[in-house]
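Here's the structure we're looking at; comments come further down.
Every chain is numbered from 1 and lettered A, B, ... according to where its sequence line falls, protein lines coming before strand lines.
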Amino acid sequence: MQHNHADNLPNSDNPSYLANLNNEQLEAVEITDGALLVLAGAGTGKTRVLTTRIAHIINTGLAYPNQILAVTFTNKASREMTERVASMLHHDVSGMWLGTFHSICAKILRRHAEAIGFQSNFTILDADDQVRLLKKIMEEAGIDTKKHTPKILMSIIQGYKDKGWNPDQVQSGFAGDFADGKIVQIYDAYQRRLRNINAMDFGDLLLHCLTMFQKKPDILATYHGFFKYILVDEYQDTNVAQYMWLRLLAQASGNICCVGDDDQSIYSWRGAQVGNILRFSKDFPNAQTVKLEQNYRSTHHILAAASSLIANNKSRIGKTLHTTSIDGETVRVKFLWDGDEEAKFVANEIESMTTSMTREKHSMSQFAVLVRAGFQTRAFEERFLTLNIPYKVVGGLRFYERAEIRDAIAYIHVLMQPNNDLAFERIINTPKRGIGKSSLEVLYRNSRDQSIPLYDSTAQMVNDGALPAKAGKVMGELLNQFANYRRMLNDVEHDKVVEQMLEETGYLGMWRDEAKKERSPEAEGRLENLRELIRALAEFESLGDFLEHISLVMDNDQNKSGEMVNIMTLHAAKGLEFDTVFLPGWEEGLFPHQRSLDESGSGGLEEERRLAYVGITRARKNLFITHAANRRIYNQWQNSMPSRFLKELPAQNVDILSSNLNMSQPIYERKFEPRVEPLNRAIPAAKGIDTNAFQMGNRVFHEKFGYGYINNINGDNLDINFDHTGKKTLKSSFVKKS
DNA sequence: GGGTCCCCGTTTTTT
DNA sequence: ACGGGGACCC
């Protein structure tokens, strides 16, 4: 990532890999013993430090690769780290415990599954399975799944797991009256059910591993023996469970090095605790701290903008980034009429930079548009399509989240683990086999009554002739087929077996039929994905290997690589860098996002600000920030105020391009007035102003207060009883019928 | 068992 | 606006 340094290092006997490090980096590498916190600002070479540190530990003989535990959050990060360490050393580093928190926990848990009441071939549920299972449990417990959606309850349960709480450990005050006060009971039932079907969700991988370490000191001791050095990437993203897990493991050797940046903590909504990094030195005795503040990425204008903005945050450790790059363009802020104009501006800017003869050559892949929310990408996509600017939207649906891939994987699950109820349920009537709701009910009841897996129960009912003739025949056939494929696995290559299975059970045929219809242009793509899946299968030793991989690792990286502009969310951009970055949508309500402010107050605002900081620091040379006067959200036009973050940028590093701002004032005093001539465009905002359209009892929606019913109408004023925010009186133009 | 209509929700997302 | 999911009906 860093250009100033050579990336290929000569050989392992000569620690020349240390030569290119600056003093702070060197310190971070050489303080090998004890607890060390490396506060690594954006673009300060943190991955370099981590990998060099590992190389150094191995190279100086402090530890063998298999005595090092290095944890990351994403598979991408762990892959990168593996590659970089390997290229630095001649040693074989394959024995190193390098991986994501989840993959390492899974590895450990498979070795000791029996000790905690699982079998070692437990399945790992994905988000979809989790919710489906939870929903079933809620229904069994008589919870109204409309009033309390499974998705919400799931996130609450995940929250408990993130904190390291088993059902009996949920602290009072955190259970509240979720799900009619039955949340803990549901959580408990959910965990029991998972255990019954020998399955874990992602949160469990950590929770169970942590619980096991706490309850089985002998097992923990084994790992104390294994891990002499522990390294943690993106430490600011750890949740409580991960923190406790790390602390337990580090107890023995005391050698733990955590690298992170409190200013880039943007995942509190999924359990990350900035607190972990803020109190590091209290938690680990004699901890040392090294700050990496030399930035190798951005120009000083960009860095100044980032620093000035983030300085507005109160809860931070505080560091100041420096750069030697003093030339360069100022940060440019542009004010536009609406989202389409914004996209037009960005597209034009890209066009002129890529076609200009006089200026340096800009490659498409060095542009990035970083948005706050997914819906913002559309305007850019449309504009880029019209102008023929190649682009990719990074981080859409992941490969394994696609319906057809999930179906195919469910088939493989049933093949390998017939008692995987969730998988069997998924494919029992896909393609349509004429097993309807009522037949399913019967199968479930039998399965539950006898406490046997759905698969076995179905087989039993088929044998006993307990099913309607047609269903019995169809199911019998399907079960026979599965038995047959299972036998085939002994002497036929597994990818061939899977292909045959998907073919003969009619699954591929289902999509082929679909492709023939006119209305489904995506069916062809699904078939292509399935072919890709089968191709991928061949690369694995066995289907078992494949399933482990798929549940933990499968990437969306059908890396449409090549010369394309990148469009992605700010969250997805963390860790990346581009020559030119566009940050659109800097408006109050969108960025900072209203919901973040509503739900988390000043903490939410600070996290939004960190997100802005992450966005700014992605840019190497050019940074454009835009905001629009009008934006359509849920098909409703709203006019918006410029983001407060704009006022936090330092005037001397910013150029305001053609807007109605008064440049003579200091930037923080400038008034942002979206006083714009209405061009030739009608403002469709007038919708919903017609009071006659509202009637007593109407259900309405308000951007801030949510949903509610109209109690009373007084001319243009509506008395509304909002579901969550109580009674308010509002002008009718502020609400819309829902 | 399958088609149709209505209601809800619509920030960020890894594993 | 729009898609997904559930209720309802045939």
Side-chain angles (χ1 to χ4, degrees), chain A residues 71-78 99-106 124-127 130-132 135 139 144-147 149-152 155 158 161-162 200-206 234 237-239 241-242 266-272 370-378 394-398 400-401 403 429 432-441 468 470-471 548-556 568-575 585 589-600 604 607-608 610-611 614-615 632-636 684 687 699 701 703 706-707 723 736 738:
Chain A
V71 273
T72 64
F73 274 86
T74 63
N75 293 303
K76 192 169 158 230
S78 73
T100 62
F101 276 100
H102 293 87
S103 71
I104 289 189
C105 286
I124 299 165
L125 301 191
D126 62 33
Q130 291 173 35
V131 173
R132 283 196 302 148
K135 183 161 177 250
E139 280 161 357
D144 181 353
T145 53
K146 286 211 122 156
K147 204 163 139 212
T149 69
K151 242 175 101 187
I152 304 260
S155 69
Q158 284 310 330
K161 293 185 178 184
D162 288 343
M200 298 186 190
D201 65 22
F202 282 113
D204 284 338
L205 292 174
L206 262 141
E234 305 277 18
D237 287 341
T238 50
N239 61 35
Q242 287 158 338
I266 55 175
Y267 284 113
S268 73
W269 48 273
R270 62 180 201 211
L370 310 181
V371 298
R372 176 63 182 87
F375 75 86
Q376 290 175 268
T377 64
R378 220 192 62 215
V394 180
L397 252 199
R398 270 164 292 282
Y400 69 93
E401 280 172 357
N429 199 33
K432 302 267 184 293
R433 299 192 169 88
I435 306 298
K437 218 168 31 185
S438 45
S439 317
L440 265 182
E441 273 302 310
K470 184 169 164 256
E548 179 76 357
H549 174 82
I550 205 127
S551 54
L552 286 172
V553 180
M554 193 84 181
D555 287 317
N556 56 344
M568 69 188 94
T569 63
L570 287 159
H571 283 91
K574 193 164 88 150
L590 177 56
F591 194 33
H593 201 283
Q594 191 59 46
R595 213 156 143 178
S596 190
L597 302 181
D598 289 348
E599 285 170 13
S600 316
E607 181 146 320
E608 294 285 305
R610 291 194 289 269
L611 201 47
V614 166
R632 192 165 57 176
I633 294 175
Y634 309 137
N635 205 31
Q636 218 191 188
K687 247 192 195 173
R699 188 151 174 79
F701 177 75
E703 272 312 308
Y707 289 93
D723 298 354
K736 71 158 189 163
S738 101

Exercise for review: Using modelled atom types only, decide if a donor and an acceptor are shared between the side chain of Q242(A) and the backbone of N239(A) within a distance under 3.5 Å.
Suggested key: yes

Check your understanding: Given dT11(B), dT13(B), dT15(B), which nucleotide is nearest the side-chain atoms of H593(A)?
Key -> dT11(B)

Practice item. Let me see the working for D162(A) and R270(A) under salt bridge (charged side-chain N to carboxylate O under 4.0 Å, His left out), right down to the final yes or no. Key: CA-CA 8 Å; D162(A) 288 343; R270(A) 62 180 201 211; over 6 Å; no

Practice item. Report yes if the side chains of D201(A) and Q158(A) come closer than 4.5 Å at any heavy-atom pair, otherwise no. Key: yes

Point to revise | Atom pair distance, as rounded to whole Å: CG in D237(A) and P in dT15(B) | key: 12 Å

Exercise for review: Give the nucleotide from the list dT10(B), dT12(B), dA7(C) with an atom nearest to the side chain of Y634(A).
Suggested key: dT10(B)

Review point. Stacking between F73(A) and the base of dT15(B) (centre distance under 5.5 Å, interplanar angle under 30°)?
Key: no

**Study point:** Rounded interatomic separation in angstrom, taking CZ from R270(A) and C1' from dT11(B)
**Key:** 13 Å

Review point. For R433(A) and H102(A), take the nucleotide of DNA chain B holding the closest heavy atom to each; which residue's nucleotide lies nearer the 5' end?
Key: R433(A)

Check your understanding: Heavy-atom distance under 4.5 Å between the side chains of M568(A) and L370(A), does that happen here?
Key -> yes

Review point. Quick one: F202(A) CZ to dT15(B) P, roughly how many Å, whole number?
Key: 8 Å

Review point. OP1 or OP2 of dG6(C) sitting under 4.0 Å from any side-chain N/O of K135(A)?
Key: yes

Revision key, fill the gap. To the nearest angstrom, the NZ-C1' distance between K76(A) and dT13(B) comes to 14 Å

Exercise for review: Figure out the CE/P separation between M568(A) and dT12(B), and round it to whole Å.
Suggested key: 15 Å

Point to revise | 5' precedence on DNA chain B between W269(A) and G434(A) (nearest-nucleotide basis) | key: G434(A)

Exercise for review: State whether T569(A) places a side-chain N or O below 4.0 Å from either non-bridging phosphate oxygen (OP1 or OP2) of dT13(B).
Suggested key: yes

Review point. Checking all strands, does L206(A) fall into the base, sugar-phosphate, or nothing category for heavy-atom contacts under 4.0 angstrom?
Key: nothing

Check your understanding: What is the distance from CZ of R378(A) to C1' of dG3(C), rounded to the nearest Å?
Key -> 14 Å

Check your understanding: Do we see F375(A) stacking on the base of dT10(B), given a limit of 5.5 Å between centres and 30° between planes?
Key -> no

**Study point:** Spatial distance of atom CD (E608(A)) from atom CG (L570(A)) [nearest 0.5 Å]
**Key:** 9.0 Å

**Study point:** side-chain N/O N75(A) vs dT14(B) OP1/OP2, d < 4.0 Å
**Key:** no

Practice item. Nearest whole angstrom, please: distance from the P of dA1(C) to the CD of Q376(A). Key: 21 Å

Exercise for review: Just call it for G203(A): base, sugar-phosphate, or nothing, with non-hydrogen atoms closer than 4.0 Å on any strand.
Suggested key: nothing

**Study point:** Atom pair distance, as rounded to whole Å: NZ in K574(A) and P in dT12(B)
**Key:** 17 Å

**Study point:** From dT13(B), dG6(C), dT11(B), nucleotide with atom closest to A572(A) side chain
**Key:** dT13(B)

